[in-house]
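For reference, the structure discussed in these notes is given below.
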Amino acid sequence: MCGIIGYSGDREGLEVLKYGLKAVEYRGYDSVGYYDGTLVKDVGKVDDFLKKVEKVNVPFIAHTRWATHGGVSPKNAHPHKVGKITVVHNGTIENYKELKEQLNHNWNSETDTEVIAALLDKYNEENFLETIKKVISMLKGTFALAIIRDGDPKIYFAKKDTPLLLGIGENESFIASDLIAFLPYTNKFIRLEDGDFGYVYKGTYWINNKREIKEFEGNVEAAFKGSYETFMLKEIHEQLDIVPQVFSVDLSEIRDIFKNNRIDIISAGTSYHAAWYLKYLTNYDVQPYVASEYPYLMRDPEWIFAISQSGETIDTIKAVKKAKEKGAKVISLTNYISSTLASLSDYVIPLNAGIEIGVAATKTFMAQLLFAHNLIEDRNIDEIKEAIKRGLEAPLFDIKREKVFFLGRAINYVLAMEGALKFKEITYIPAEAFPAGEMKHGPLSLFDDNTDVVFFLGPQGRDLAKVNLEEVEARGAHVHKVIFPDQYYTISATVFLQRLAHDHALKLGRDPDKPRNLAKSVTVE
Ligand code: G6P
């Protein structure tokens, strides 16, 4: 995913650039760049990049990148300029290699985008709209494009399969991947549709198809959330969208390391549950540890694998540093490839979940689970999306009692742990997880008719789990079985347990996005 912002108007360019880039940063944040007559681009975070920018001319086009074709490097960062044409792009061009071969050109980058700039430059006609029409007909794939032609004051655009909007103000126009990038300046917008192309110039625009101007009513915060009541709910639904991008990460080198070594996994909170998922799912010789305990338990690890969506959790960072002192090599899985954790690692695997705002991890957890599937080359994207849909659509049950237990065996126990954590952290109701087979060794004394039990019954360990289920039912507890088809049961059930917690938190009037006493990224011990 990438973010686009372009501006034509009389405002100070720097102000619009700053706001717009920050607003679309969630769409990708490994590199940043803009073109305002001069090409300025680099790898790294938007904030660091902006510190170095003093003045921006108008019109400009700008971009935040999440690498797909070509690694994270300054030359692969957008915009891409060929001759008089500069382009920023969100999407992927499937036939870019063939197109590159057809053009006699010295390529500056490994991206699929540069070929678009080269084609537009090659066919650059007086009527540039004809050029765009011709070039986009040659592209196979997905694209949202913002284009500047030197000597021409307009910003051109084209759109297919990825979002692109126009913001139309008085004497000013915007092009952006998301409404939020221009909402402080104008609430009038046009949502472009597939096949649309055209240009904006100050307050004017031209589109090849007739499109209606709409007005957004609401505040910026609401725009960020879209039509969802909470960020958490939005992010639960976004799990459907992230599957291809999570699986796009090439794990061949990492897979070999996992196959041939004993690896300690270090993580906290939800990421710790992902570590156990990896252990139950695979045959690798891995051992999960809670990050804050790891320094006491560590022996002489050769390899450690740190899982942290933020890459900033102090417990995880400290444990990694201790292991490094002992000579361990570090692989990390994080949503922030320029995080502290990443900087400490020998290998960094991007989680590719997109930005997560809700404090309770949802889509980043899903991305961690999918990473485990990718690692064992279980990549049935369509089936996984179907499983997510089942989790999104399944009717929820009501939790009414004062105590809630989440139970399961084998990999279902991981679901139980995550289910209990999600539930307690956003509802503030005591919820605990136990391995179903462990009940008879103590916890069973807690069970009575003031107890709700959420029982995960996926295929792993199911036969014995059913025996445990009867033991619980016999104590008068109210048992809710989480039933889904076996195919990717864990994926459906994960979405379901998130919705269960979210729904219950709302019923109790809690704000699931900001649970009391908690923070998204915990940088204190
Ligand atoms: C905090 C958050 C949790 C998260 C944990 C680990 O406690 O509230 O949701 O799972 O940190 O975060 P990390 O960024 O390291 O995955």
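Ligands are counted one by one from 1 in listed order, and the atoms in each one are counted from 1 as well. What you are looking at is a predicted structure, and each value in this text was computed from that prediction instead of being measured.
Between Arg475 and Asp449 there is no salt bridge, since none of the side-chain N atoms of the basic residue sits less than 4.0 Å from a carboxylate O of the acidic one.
Close contacts between ligand 1 and Thr270 involve ligand atoms 10 (O) [criterion: under 4.0 Å to a heavy atom]. Residue Gly269 has at least one heavy-atom neighbour below 4.0 Å for each of these atoms of ligand 1: 10 (O). Residue contact check: Val359 has heavy atoms under 4.0 Å from atoms 8 (O), 9 (O) of ligand 1.
Residue pairs meeting the ring-ring contact (aromatic ring centres under 6.0 Å, His included) criterion with at least one partner in residues 435-466, sequence neighbours excluded, are Phe405-Phe447. For residues 371-390, the pairs satisfying ring-ring contact (aromatic ring centres under 6.0 Å, His included) are Tyr277-His373, Phe305-Phe371, His373-Tyr488, with sequence neighbours left out.
Residue nearest to atom 16 (O) of ligand 1, selected from Ser271, Ala306, Ala360: Ser271 (by heavy-atom distance).
Looking at ligand 1, you'll find an N or O of Ser310 within less than 3.5 Å of one of its N or O atoms. Considering backbone and side-chain atoms together, Gln309 places an N or O closer than 3.5 Å to an N or O of ligand 1.
Annotation: the span from Asp513 atom CG to Met232 atom CE amounts to 8.5 Å, rounded to 0.5 Å. Note that the CG atom of Asp315 and the CD1 atom of Ile266 stand 11.0 Å from one another [nearest 0.5 Å].
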